[in-house]
Number of protein chains: 2
Amino acid sequence: MPLTISPLYQQIKTLLLENLKAAIWKPGEPIPSEMELAARFRVSQGTVRKAIDALTAENLLIRRQGKGTFVATHHEARAQFRFLRLVPDQGVPHYPENRILEVKSVKAPSDVALALGLRSGAATIFLRRVQSFAGVPTILDELWLPGTIFKGLTYERLVAYKGPMYGLFETEFSTHMIRATEKIRAVCADRATAELLEIKVGAPLMSVERISFTFGDKPVELRRGLYSTDAHHYQNELT
Amino acid sequence: MPLTISPLYQQIKTLLLENLKAAIWKPGEPIPSEMELAARFRVSQGTVRKAIDALTAENLLIRRQGKGTFVATHHEARAQFRFLRLVPDQGVPHYPENRILEVKSVKAPSDVALALGLRSGAATIFLRRVQSFAGVPTILDELWLPGTIFKGLTYERLVAYKGPMYGLFETEFSTHMIRATEKIRAVCADRATAELLEIKVGAPLMSVERISFTFGDKPVELRRGLYSTDAHHYQNELT
DNA sequence: AAGTGGTCTAGACCACTTT
DNA sequence: AAGTGGTCTAGACCACTTC
């Protein structure tokens, strides 16, 4: 009976992941050098490299020659547009301005609970906001977050925070988003949406439902967005 | 004056790419073994591996332990859904049925010429088709292809061909699509589109403009699709 | 048994950054 | 000069496929 064990570098990768998940190495900070990790795990530098390479390919680590290997973070210019695919038809991408409409605690409806892996009726934080580009309201977002993780997230804290929301989640709630899936369709604007986005009732919109995951493929955010594509489009790369 | 040369494995990668581009190694066929390439290029096996790893990550090569390394091809179950992101809301993805509406030679309009890197008025092949899933018309596609490359592509050949269009391009026109960009927005169905997709005039649709590239980042296809998202959605992974 | 890709090692040296 | 990641080598052995 052959006992199949995973390759060493996979095991090392798992060990590194545990340190990231437990936030022993925090976003923005360096992890130990390759030589040190090799000594710690009693393997060669090459094996550690292969594990780090895999995590680098997954955007969890960032290598900087001469400086070290760092835990990726959502505070950083390069990370700002990683999850934001809506870009202007002309000109360069710019940062969105946020207007928080509402933040409240709600019991998870069944579809939200399903998406977040919670029990129906579990505590969640719900928030709505409008994102504008160059003053033009463009995205209407609704977010649901597990209450146990995001307890204490209030309107005041959101408004006070400068920078990307995933940065706030990282720093204030120790929740690092590492992956997301999106389901996109076309819909028509209803009355309430039309008013908020300053468009006509019935105008076509992109509906984008995103589920974001942290370590261990654990879903920690459900986001439903309506995108006005009059002057922007959703940019995607197929490889 | 320091002469900066690229790493050896990058140079090897470029050499391998040249063989792929020139179709010396054809889609579906094996390339020489790592040992043989190492001997040919006078480098170690590890250096060849690193070059092949990079091309594998770009979906240009496929490794099969014990068998060899093969040139990727669009004829293959696993490649069918690589560029097709529209999936049913329920159930498993199925193959689309094609109905070719029109194939003709046209002079490239300026926007098409720009996208394909041609002169305005250059010869192109234009084709329209409807794709259906389980008998339900879902996608209305318009394609422009450079006439110099796709000369001889006729309605008859398209209809006669079984399998994915990119497979046909590969086999019959020696043009291997390796990458694409998509720009997506929401629009309303006009009268003609509504009739073809059997939906109401004004119904919301996803507009997907795709530019596909072959080796050397050369654009070789412009595709404008209108997707009905009543029972399907566009699936995307953010990493 | 022979050939392929996959893993792992030990060591050398290079390129970059900081001290 | 010292420390970091990046490249390259040579060799060993493993896992899988084919003959």
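In the text below, chain A, chain B and the rest are named by the order of the sequence lines, each starting its count at 1.
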Peer 1: Whole angstroms only, please: what is the CD1-C1' distance between Ile52(A) and dT7(D)?
Peer 2: 16 Å
Peer 1: May I ask you to decide whether Glu209(A) forms a salt bridge with Lys183(A), counting only side-chain N to carboxylate O separations under 4.0 Å?
Peer 2: no
Peer 1: Taking the six-membered ring for Trp, are His232(B) and Tyr227(B) closer than 6.0 Å centroid to centroid?
Peer 2: no
Peer 1: Each nucleotide N or O in nucleotides 8-12 of chain C that has a protein N or O under 3.5 Å away: list the pair and distance.
Peer 2:
from, atom 1, to, atom 2, distance (Å)
dC8(C), OP1, Leu8(A), N, 2.1
dC8(C), OP2, Leu8(A), N, 3.2
dC8(C), OP2, Tyr9(A), N, 3.0
dT9(C), OP2, Ser44(A), N, 3.0
dT9(C), OP2, Ser44(A), OG, 2.9
dT9(C), OP2, Thr47(A), OG1, 2.4

Peer 1: Under 3.5 Å, which protein N or O atoms sit close to an N or O of nucleotides 1-4 of chain D? Give each pair with its distance.
Peer 2:
from, atom 1, to, atom 2, distance (Å)
dG3(D), N2, Gly66(A), O, 3.1
dT4(D), O2, Gly66(A), N, 3.4

Peer 1: Do Arg185(B)'s NZ or CZ and the ring of Tyr234(A) fall within the cation-pi criteria of under 6.0 Å and 45°?
Peer 2: no
Peer 1: For Phe83(A) together with His74(A), are the ring centres under 6.0 Å from each other?
Peer 2: yes
Peer 1: Fit a plane to each ring of Phe133(B) and His94(B), take the angle between them on a 0 to 90° scale, and name the class: parallel (under 30°), tilted (30 to 60°) or perpendicular (over 60°).
Peer 2: tilted
Peer 1: Compute the ring centroids of Phe41(A) and Tyr9(A), then answer whether they are less than 6.0 Å apart.
Peer 2: no
Peer 1: Could you go through Arg157(B) and Glu172(B), starting from their C-alpha distance and side-chain angles, then the distance that decides it, and tell me whether this counts as side chain to side chain contact (heavy atoms under 4.5 Å, CB included)?
Peer 2: CA-CA 10 Å; Arg157(B) 278 177 91 175; Glu172(B) 308 276 322; 2.6 Å; yes
Peer 1: Atom CZ of residue position Arg119(A) - does it have more than 12 heavy atoms of other residues, nucleotides or ligands inside 6.0 Å?
Peer 2: no
Peer 1: Which whole-number value in Å describes the distance from Arg63(A) CZ to dT7(D) C1'?
Peer 2: 12 Å
Peer 1: Describe, in one word, how the ring planes of Phe173(A) and Phe169(A) are oriented to each other, choosing from parallel (under 30°), tilted (30 to 60°) and perpendicular (over 60°).
Peer 2: perpendicular
Peer 1: What stems show up for DNA chain D when you take Watson-Crick pairs (N1-N3 plus N6-O4 or O6-N4) and G-U wobbles (N1-O2, O6-N3), both under 3.5 Å, and require three or more consecutive pairs?
Peer 2: C:1-18 with D:1-18
Peer 1: Quiz question: by atom type and distance under 3.5 Å, do the side chains of Thr69(B) and Glu34(B) form a donor-acceptor pair?
Peer 2: no
